[in-house]
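Residue numbers start at 1 and run along the sequence shown. The figures here come from the full heavy-atom set of this structure, side chains too, leaving out hydrogens, waters and symmetry mates. What you see is a predicted model, and the numbers here were worked out from it, not measured in a lab.
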Amino acid sequence: MTPAETKITAALEELLRRSDLDKIYVSDIVRLSGVARKTFYRHFRDKYDLVNSYFLNFYAQSFDKIAEGERWEDALCTYLTICEEKAAVLIHAYSSADANCLEKYDIELTEKTYRKYLLQKNADVDTKEMAFAIKIAAAGGTAMVIEWMRGGMKEDKAEMVALIKRTLPQDILQYLQ
């Protein structure tokens with residue numbers, strides 16, 4: 001990350017601790033970060049691109065690791081730990097209903113991760129049933145993690161991992177055993 005990206009990301013994180021994403025403007029981000037508006041747009045298309053980049057930084061260090069051989073349970077637990085640490089920020093980031101919202105991006109990333117993982121396990125990811133199972137797993141898992149954060153994270157992370165795994169479609173679950 002460049003120094004400008006670091007400043008912009010830090011400003012976004014600070015703003016998201018207090019406000020929903022739809023109430024934050026690029027002008028707020030550049031003012032707090034101390035970078036020029038032009039610099040912001042040199043690095044990011046818009047605030048949604050910035051949020052997605054912010055999210056990708058920790059997603060790649062956690063759940064995405066299943067595609068590199070990490071156990072599904074360990075990768076999800078790491079992801080939940082980061083979500084727990086950043087809950088105040090993420091709850092406000094997930095609040096957006098914009099077409100470019102974080103929830104949509106999260107689901108897309110998770111679908112890609114499942115596809116990559118399943119391909120490594122020689123699963124046929126192009127069947128109608130498997131494609132549907134991947135969509136269900138990605139959308140359902142994302143929705144439950146968001147609900148867990150919004151609900152105050154009352155369930156233990158290990159319990160959340162077990163619940164999400166238990167509810168995965170059998171088409172995917174068979175490759176996690």
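In this structure the side chain of K157 never reaches within 4.5 angstrom of the side chain of Y79, judged on heavy atoms. Counting only heavy atoms from C-beta outward, the side chains of L176 and L168 approach each other to under 4.5 Å. Put simply, the side chain of L16 does not reach to within 4.5 Å of the side chain of Y54, judged on heavy atoms. At least one side-chain heavy atom of M130 sits less than 4.5 Å from a side-chain heavy atom of I172. Contact check for H92 versus R17: no side-chain heavy atoms found under the 4.5 Å cut-off. Residues N100 and V51 are not in side-chain contact: their nearest non-hydrogen atoms beyond the backbone lie 4.5 Å or more apart. Counting heavy atoms from C-beta outward, Y105 and L56 have side chains that approach closer than 4.5 Å.
For F63 and Y114, the gap between ring centers is short of 6.0 Å.
Every residue was checked against the salt bridge (Lys or Arg N to Asp or Glu O under 4.0 Å) condition with E70, not counting sequence neighbours, and none meets it. Checked against salt bridge (Lys or Arg N to Asp or Glu O under 4.0 Å), D124 has no partners two or more places apart in sequence or in another chain. K116 meets the side-chain contact (heavy atoms from CB on, under 4.5 Å) test with D64, A67, Q120; sequence neighbours excluded. For R45, the side-chain contact (heavy atoms from CB on, under 4.5 Å) partners two or more places apart in sequence, or in a different chain, are D49. For K23, the salt bridge (Lys or Arg N to Asp or Glu O under 4.0 Å) criterion is met by no residue, not counting sequence neighbours. D126 is linked by a side-chain hydrogen bond (donor to acceptor under 3.5 Å, both in side chains) to R115, counting only residues two or more places apart in sequence or in another chain. Listed by chain and number, the residues in a side-chain hydrogen bond (donor to acceptor under 3.5 Å, both in side chains) with D28 are R31 (sequence neighbours excluded). Remark: K7 engages S33, V35 in a side-chain contact (heavy atoms from CB on, under 4.5 Å) (not counting sequence neighbours). Considering only residues two or more places apart in sequence or on other chains, E68 meets the side-chain hydrogen bond (donor to acceptor under 3.5 Å, both in side chains) condition with K65. For the salt bridge (Lys or Arg N to Asp or Glu O under 4.0 Å) test, no residue two or more places apart in sequence or in another chain qualifies with K104.
Side-chain atoms of D156 come within 3.5 Å of backbone atoms of A158 as a donor-acceptor pair (strictly under, hydrogens ignored). Y175 places no side-chain N or O within donor-acceptor distance of the main-chain N or O of Y117, the cut-off being under 3.5 Å. With hydrogens and angles disregarded, a donor-acceptor distance shorter than 3.5 Å links the side chain of S62 to the backbone of Y59. A donor-acceptor pair is defined here as one N or O able to donate and one able to accept, closer than 3.5 Å; no such pair exists between the side chain of K165 and the backbone of E73.
Here E84 contributes atom CD and M160 contributes atom CE; the two are 11.0 Å apart, rounded to the nearest 0.5 Å. The structure places CG of D74 at 11.5 Å from CD1 of I66, a figure rounded to the nearest 0.5 Å. Separation of atoms CZ (R150) and CG (L90) is listed at 10.5 Å; rounding is to 0.5 Å. How far CG of D98 is from CD of E103: 12.5 Å, rounded to the nearest 0.5 Å. Atom OG1 of T113 and atom CG of L118 lie 10.5 Å apart (nearest 0.5 Å). Remark: M149 CE to K86 NZ distance equals 12.0 Å, nearest 0.5 Å.
The shortest non-hydrogen separation linking D171 to A133 is CB-CB, 3.9 Å. Scanning both residues, D22 and A97, for their nearest heavy atoms gives OD2-N, 3.6 Å. Contact between C101 and S96 at its shortest, heavy atoms only, is CB-O, 3.3 Å. In terms of heavy-atom proximity, T39 sits nearest to A4 at CG2-CB, 3.7 Å.
Clustering ILVMFWY residues whenever any of their side-chain heavy atoms sit less than 4.5 angstrom apart, transitively, puts F55 in the very cluster that holds V89. Taken together through direct or relayed side-chain contacts under 4.5 Å among Ile, Leu, Val, Met, Phe, Trp and Tyr, L109 and Y48 form part of one hydrophobic cluster. In terms of hydrophobic clustering, with Ile, Leu, Val, Met, Phe, Trp and Tyr side chains grouped at heavy-atom distances under 4.5 Å, M1 and L15 are assigned to different clusters. Follow the hydrophobic side-chain contacts under 4.5 Å out from I107 and you never reach M144; the two are in separate clusters. Tracing side-chain contacts under 4.5 Å through hydrophobic residues (I, L, V, M, F, W, Y), one reaches L173 starting from V125; they form part of the same cluster.
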Stepwise side-chain hydrogen bond (donor to acceptor under 3.5 Å, both in side chains) check, T110 with D106 | CA-CA 6 Å; T110 305; D106 184 348; 3.2 Å; yes
Residue pair I29, I8: steps toward the side chain to side chain contact (heavy atoms under 4.5 Å, CB included) verdict | CA-CA 7 Å; I29 298 167; I8 292 166; 3.9 Å; yes
Take L21 and L102 through the side chain to side chain contact (heavy atoms under 4.5 Å, CB included) test and state the conclusion after the steps.
-> CA-CA 10 Å; L21 181 60; L102 178 58; 5.9 Å; no
From CA spacing to verdict: side chain to side chain contact (heavy atoms under 4.5 Å, CB included), L80, L76 = CA-CA 6 Å; L80 293 175; L76 182 56; 4.3 Å; yes
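Atom NZ of K135 has 12 or fewer neighbouring heavy atoms from other residues, nucleotides or ligands inside a 6.0 Å radius.
Pairs passing the ring-ring contact (aromatic ring centres under 6.0 Å, His included) check and including a residue from residues 23-45, sequence neighbours excluded, read F40-F44.
Hydrophobic clustering, defined by side-chain heavy atoms of Ile, Leu, Val, Met, Phe, Trp and Tyr closer than 4.5 Å, groups I136 together with F132.
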